[in-house]
Engineer: 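One structure, as structure tokens, below. Some questions next.
These figures come from a predicted structure and were not determined experimentally.
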Amino acid sequence: MLTIQNLTKKFGEITAVNNLNIEVKEGEIYALIGPNGSGKTTTVKVATGLYNPTEGDVLIGGASIAREPEKAKAQIGYIPDEPFVYERMTGREFLHFVGAIFGMSAAMREEKIKKLLPLFPIEPVIDEFVENYSRGNKQKVSIIAALLHEPKVLIIDEPIVGLDPESAAKAKEIVFDFAKKGGTVFVCTHTLSFVEAVADRIGLLKEGKLIKEGSLNELRQIAGKQQAGLEELYLHFTR
């Protein structure tokens with residue numbers, strides 16, 4: 001459902017992503033981890049069409065993000081590392097705005113917003129201006145906005161930063177449920193406990209290159225560390 005093909009992204013003389021190949025199937029949760037500057041966020045921004053690839057491509061349900069951007073983006077729900085919500089809108093107005101962009105009718109938007117709002121305890125503030133929201137509440141609205149149009153692929157950059165423990169646990173549940181229903185999840189994060197809890201497969205990125213890939217148990221076997229946690233494996237492969 002999500003295929004990264006020979007992806008290279010350069011900024012001048014700097015190569016942020018170097019010939020990256022990843023395939024994520026329907027119903028799978030794939031986590032990309034790596035040190036700061038390893039190319040994780042750049043990969044996400046190319047995959048969502050915010051950056052153009054220097055070489056290679058990203059396919060969403062077979063549609064090229066470079067050549068068929070509208071078809072590809074229509075299938076994506078994107079949760080950025082910094083929640084983006086228009087501050088002079090109320091949370092509800094923002095959700096209607098996002099739904100309208102994806103071609104949802106007013107009735108469809110109203111029904112879906114009513115269904116999704118109980119995911120997080122934000123109904124008391126949903127009709128207030130976003131400029132008065134905490135970072136956590138902005139993140140919650142961003143998550144709901146990403147789910148609103150029923151995407152096939154969920155692309156997430158740092159899913160639980162700024163969330164309280166209860167909401168972070170709910171975010172894990174949302175990701176699990178999305179994949180269980182056949183959705184594809186591609187997540188980049190520094191929160192290794194989140195990765196251990198949700199990921200079917202893990203990719204380790206260093207200096208723009210994928211250096212290891214597999215399930216947690218497969219990575220343990222490769223490292224020869226059968227009882228290692230992800231932090232120990234992360235340090236083993238990236239040092």
Engineer: Calculate, to the nearest 0.5 Å, the distance between atoms NZ and CG belonging to Lys172 and Asp177 respectively.
Structural biologist: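 It comes to 16.0 Å.
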
Engineer: With a 4.5 Å cut-off on side-chain heavy atoms, are Asp57 and Leu59 touching?
Structural biologist: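 Yes, side chains in contact.
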
Engineer: Can you find a pair of side-chain heavy atoms, one from Val85 and one from Ser142, that are under 4.5 Å apart?
Structural biologist: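 Contact flag for Val85/Ser142 side chains = yes.
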
Engineer: Just so I know, are the side chains of Gln139 and Pro83 near enough to count as touching, which here means a heavy-atom distance under 4.5 Å?
Structural biologist: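 Sidechains of Pro83 and Gln139: in contact.
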
Engineer: In terms of hydrophobic clustering (I, L, V, M, F, W, Y; side-chain heavy atoms under 4.5 Å; direct or indirect links), are Ile160 and Val44 co-clustered?
Structural biologist: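 They do not share one cluster, since no chain of ILVMFWY contacts under 4.5 Å joins Ile160 to Val44.
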
Engineer: Tell me every residue that passes side-chain hydrogen bond (donor to acceptor under 3.5 Å, both in side chains) with Thr54, counting only those two or more places apart in sequence or in another chain.
Structural biologist: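 With neighbours one apart ignored, the set is empty.
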
Engineer: Between Thr90 and Glu128, is the side-chain contact (heavy atoms from CB on, under 4.5 Å) condition met? List the steps.
Structural biologist: CA-CA 5 Å; Thr90 68; Glu128 295 181 11; 6.0 Å; no

Engineer: Quick one: does Gln227's side chain get under 4.5 Å of Arg220's, heavy atoms only?
Structural biologist: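 They are not in contact (no side-chain heavy atoms under 4.5 Å apart), so the answer is no.
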
Engineer: So which atom in Gly91 and which in Val141 form the shortest heavy-atom distance, rounded to 0.1 Å?
Structural biologist: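 So the two residues come closest at O-CG1, 4.4 Å.
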
Engineer: Mind checking whether Ile144 and Leu147 have side chains closer than 4.5 Å, heavy atoms only?
Structural biologist: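 Side chain of Ile144 against side chain of Leu147, heavy atoms only: no contact under 4.5 Å found.
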
Engineer: Please determine whether side-chain contact (heavy atoms from CB on, under 4.5 Å) holds for the pair Leu216 and Leu230, giving the CA-CA distance in whole Å, both sets of side-chain angles, and the decisive distance to 0.1 Å.
Structural biologist: CA-CA 7 Å; Leu216 183 57; Leu230 187 54; 4.1 Å; yes

Engineer: Could you tell me the separation between the CG atom of Leu7 and the CD1 atom of Ile65, rounded to the nearest 0.5 Å?
Structural biologist: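 Atom-to-atom, Leu7:CG and Ile65:CD1 are 11.5 Å apart.
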
Engineer: Minimum heavy-atom separation for Leu205 to Ser38, with atom names?
Structural biologist: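 Heavy atoms of Leu205 and Ser38 come nearest at CD2-O, 3.3 Å.
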
Engineer: Any non-hydrogen side-chain atom of Ile33 less than 4.5 Å from a side-chain atom of Val195?
Structural biologist: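 In contact.
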
Engineer: Between Ile155 and Val46, is there shared hydrophobic-cluster membership here, with clusters defined by ILVMFWY side-chain heavy atoms closer than 4.5 Å?
Structural biologist: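 Yes: a chain of side-chain contacts under 4.5 Å links Ile155 to Val46.
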
Engineer: Taking side chain to side chain contact (heavy atoms under 4.5 Å, CB included) as the test, write out the residues that go with Glu68, two or more places apart.
Structural biologist: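 Here the qualifying residues are Ala63, Ser64, Lys71.
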
Engineer: Tell me, please, which residues at least two apart from Phe176 pass ring-ring contact (aromatic ring centres under 6.0 Å, His included).
Structural biologist: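 Applying ring-ring contact (aromatic ring centres under 6.0 Å, His included) to Phe176 gives none.
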
Engineer: Would you find more than 12 non-hydrogen atoms of other residues, nucleotides or ligands less than 6.0 Å from Gln75 atom CD?
Structural biologist: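 It does: Gln75 CD has more than 12 such atoms within range.
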
Engineer: Specify the closest pair of heavy atoms between Glu123 and Pro118, including all atoms of both residues, with the distance to one decimal.
Structural biologist: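 Glu123 and Pro118 have their closest heavy atoms at OE2-CG, 4.0 Å.
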
Engineer: Any side-chain heavy atom of Leu119 sitting closer than 4.5 Å to one from Ile174?
Structural biologist: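 SC-SC contact between Leu119 and Ile174 confirmed.
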
Engineer: What heavy-atom pair brings Ala145 and Phe94 nearest, and what distance separates the two atoms?
Structural biologist: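 Closest heavy-atom pair between Ala145 and Phe94: CB-CE2, 3.9 Å.
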
Engineer: Could I get the full list of side-chain hydrogen bond (donor to acceptor under 3.5 Å, both in side chains) partners for Tyr78, not counting sequence neighbours?
Structural biologist: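 Tyr78 satisfies side-chain hydrogen bond (donor to acceptor under 3.5 Å, both in side chains) with no other residue.
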
Engineer: Rounded to the nearest 0.5 Å, how far does CG of Leu50 lie from OG1 of Thr42?
Structural biologist: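 Here the rounded value is 11.0 Å.
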
Engineer: Taking Val125 as the starting point, is it possible to reach Ile113 by hopping between hydrophobic residues whose side chains are less than 4.5 Å apart?
Structural biologist: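 Linked, Ile113 and Val125 end up in one cluster.
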
Engineer: Identify the two heavy atoms, one from Ala31 and one from Ala199, that lie closest to each other, and give their separation to 0.1 Å.
Structural biologist: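 Nearest heavy atoms, Ala31 then Ala199: CB-CB, 3.9 Å.
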
Engineer: Please determine if Lys25 and Asp200 form a salt bridge, counting it only when a charged side-chain N lies under 4.0 Å from a carboxylate O.
Structural biologist: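 Judged by the 4.0 Å cut-off on N to carboxylate O distance, Lys25 and Asp200 do not form a salt bridge.
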
Engineer: If the condition is side-chain hydrogen bond (donor to acceptor under 3.5 Å, both in side chains), which residues does Glu87 pass it with, not counting sequence neighbours?
Structural biologist: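 Applying side-chain hydrogen bond (donor to acceptor under 3.5 Å, both in side chains) to Glu87 gives Lys138.
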
Engineer: Could you list the residues that satisfy ring-ring contact (aromatic ring centres under 6.0 Å, His included) with Phe178, not counting sequence neighbours?
Structural biologist: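 Phe178: no ring-ring contact (aromatic ring centres under 6.0 Å, His included) contacts found.
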
Engineer: For the residue pair Phe11 and Tyr51, categorise the inter-ring angle as parallel (less than 30°), tilted (30 to 60°) or perpendicular (more than 60°).
Structural biologist: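 If you compare the ring of Phe11 with that of Tyr51, the planes turn out perpendicular.
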
Engineer: Please report the interatomic distance CG(Leu192) to CG(Leu235), rounded to the nearest 0.5 Å.
Structural biologist: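 Separation between the atoms: 8.5 Å.
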
Engineer: Side chains of Tyr133 and Ile122, heavy atoms from C-beta outward: is any pair under 4.5 Å?
Structural biologist: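 No, too far: nothing below the 4.5 Å cut-off.
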
Engineer: Quick one, Ile22 with Gln5, criterion side-chain contact (heavy atoms from CB on, under 4.5 Å). Give me CA distance, side-chain angles, the key distance, then yes/no.
Structural biologist: CA-CA 7 Å; Ile22 294 173; Gln5 295 181 333; over 6 Å; no

Engineer: Residues two or more places apart in sequence or in another chain: which of them pass side chain to side chain contact (heavy atoms under 4.5 Å, CB included) with Phe237?
Structural biologist: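 Side chain to side chain contact (heavy atoms under 4.5 Å, CB included) list for Phe237, sorted by chain: Leu204, Ile211, Lys212, Leu219, Ile222, Ala223, Leu233.
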
Engineer: Can you list the residues that meet the side chain to side chain contact (heavy atoms under 4.5 Å, CB included) rule with Ala146, with sequence neighbours excluded?
Structural biologist: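 Side chain to side chain contact (heavy atoms under 4.5 Å, CB included) list for Ala146, sorted by chain: Ile79, Leu154.
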
Engineer: Is it true that Arg201 and Glu218 make a salt bridge, defined as a side-chain N closer than 4.0 Å to a carboxylate O?
Structural biologist: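 Salt bridge absent between Arg201 and Glu218.
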
Engineer: Show, in sequence, the C-alpha distance, side-chain angles and deciding distance for Tyr30 and Glu23, and conclude whether the side-chain hydrogen bond (donor to acceptor under 3.5 Å, both in side chains) test is met.
Structural biologist: CA-CA 9 Å; Tyr30 187 103; Glu23 186 167 350; over 6 Å; no

Engineer: Sequence neighbours left out, what passes side-chain hydrogen bond (donor to acceptor under 3.5 Å, both in side chains) with Asn132? Give chain and number order.
Structural biologist: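 Applying side-chain hydrogen bond (donor to acceptor under 3.5 Å, both in side chains) to Asn132 gives none.
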
Engineer: Indicate, with yes or no, if Ile126 and Phe97 share a hydrophobic cluster defined by side-chain heavy-atom contacts under 4.5 Å among Ile, Leu, Val, Met, Phe, Trp and Tyr.
Structural biologist: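 Yes; tracing contacts between hydrophobic side chains, which count when under 4.5 Å, links both residues.
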
Engineer: Given the rule that I, L, V, M, F, W and Y join up when any side-chain heavy atoms are under 4.5 Å apart, are Ile202 and Phe194 in one cluster?
Structural biologist: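 Result: no, two separate clusters.
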
Engineer: For Thr184, give me all partners under side chain to side chain contact (heavy atoms under 4.5 Å, CB included), at least two apart in sequence or on another chain.
Structural biologist: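 Side chain to side chain contact (heavy atoms under 4.5 Å, CB included) check on Thr184 returns Met1, Leu2, Val24, Glu26, Val153.
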
Engineer: If you measure only the distance, is there a donor-acceptor pair under 3.5 Å linking the side chains of Tyr86 and Glu93?
Structural biologist: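 No donor-acceptor contact under 3.5 Å links the two side chains.
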
Engineer: Applying side chain to side chain donor-acceptor pair (under 3.5 Å) as the test, list every pair that has at least one member in residues 10-21; sequence neighbours left out.
Structural biologist: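 Output for this query lists Asn6-Asn21.
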
Engineer: How many angstroms lie between CD1 in Ile29 and NZ in Lys180, if you round to the nearest 0.5 Å?
Structural biologist: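 NZ of Lys180 is found 11.5 Å from CD1 of Ile29.
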
Engineer: Would Val187 and Val175 satisfy side-chain contact (heavy atoms from CB on, under 4.5 Å), going step by step from the backbone distance to the final call?
Structural biologist: CA-CA 10 Å; Val187 57; Val175 168; over 6 Å; no

Engineer: Would you name the heavy atoms of Ile76 and His149 that are closest together and state the gap between them?
Structural biologist: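 Heavy-atom minimum between the residues: O-NE2, 2.9 Å.
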
Engineer: Atom NZ in Lys206, atom OH in Tyr234: separation rounded to 0.5 Å?
Structural biologist: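 These two atoms lie 10.5 Å from each other.
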
Engineer: Counting only heavy atoms not in Glu131, do more than 12 fall under 6.0 Å of its CD?
Structural biologist: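 Yes, CD of Glu131 has more than 12 neighbouring heavy atoms, counting only those of other groups under 6.0 Å.
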
Engineer: Enumerate the residue pairs fulfilling salt bridge (charged side-chain N to carboxylate O under 4.0 Å, His left out) with a member in residues 142-170, sequence neighbours excluded, ordered by first and then second residue.
Structural biologist: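 Applying salt bridge (charged side-chain N to carboxylate O under 4.0 Å, His left out) to every pair that reaches into residues 142-170, excluding sequence neighbours, yields Lys112-Glu150, Lys140-Asp164, Lys170-Glu173.
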
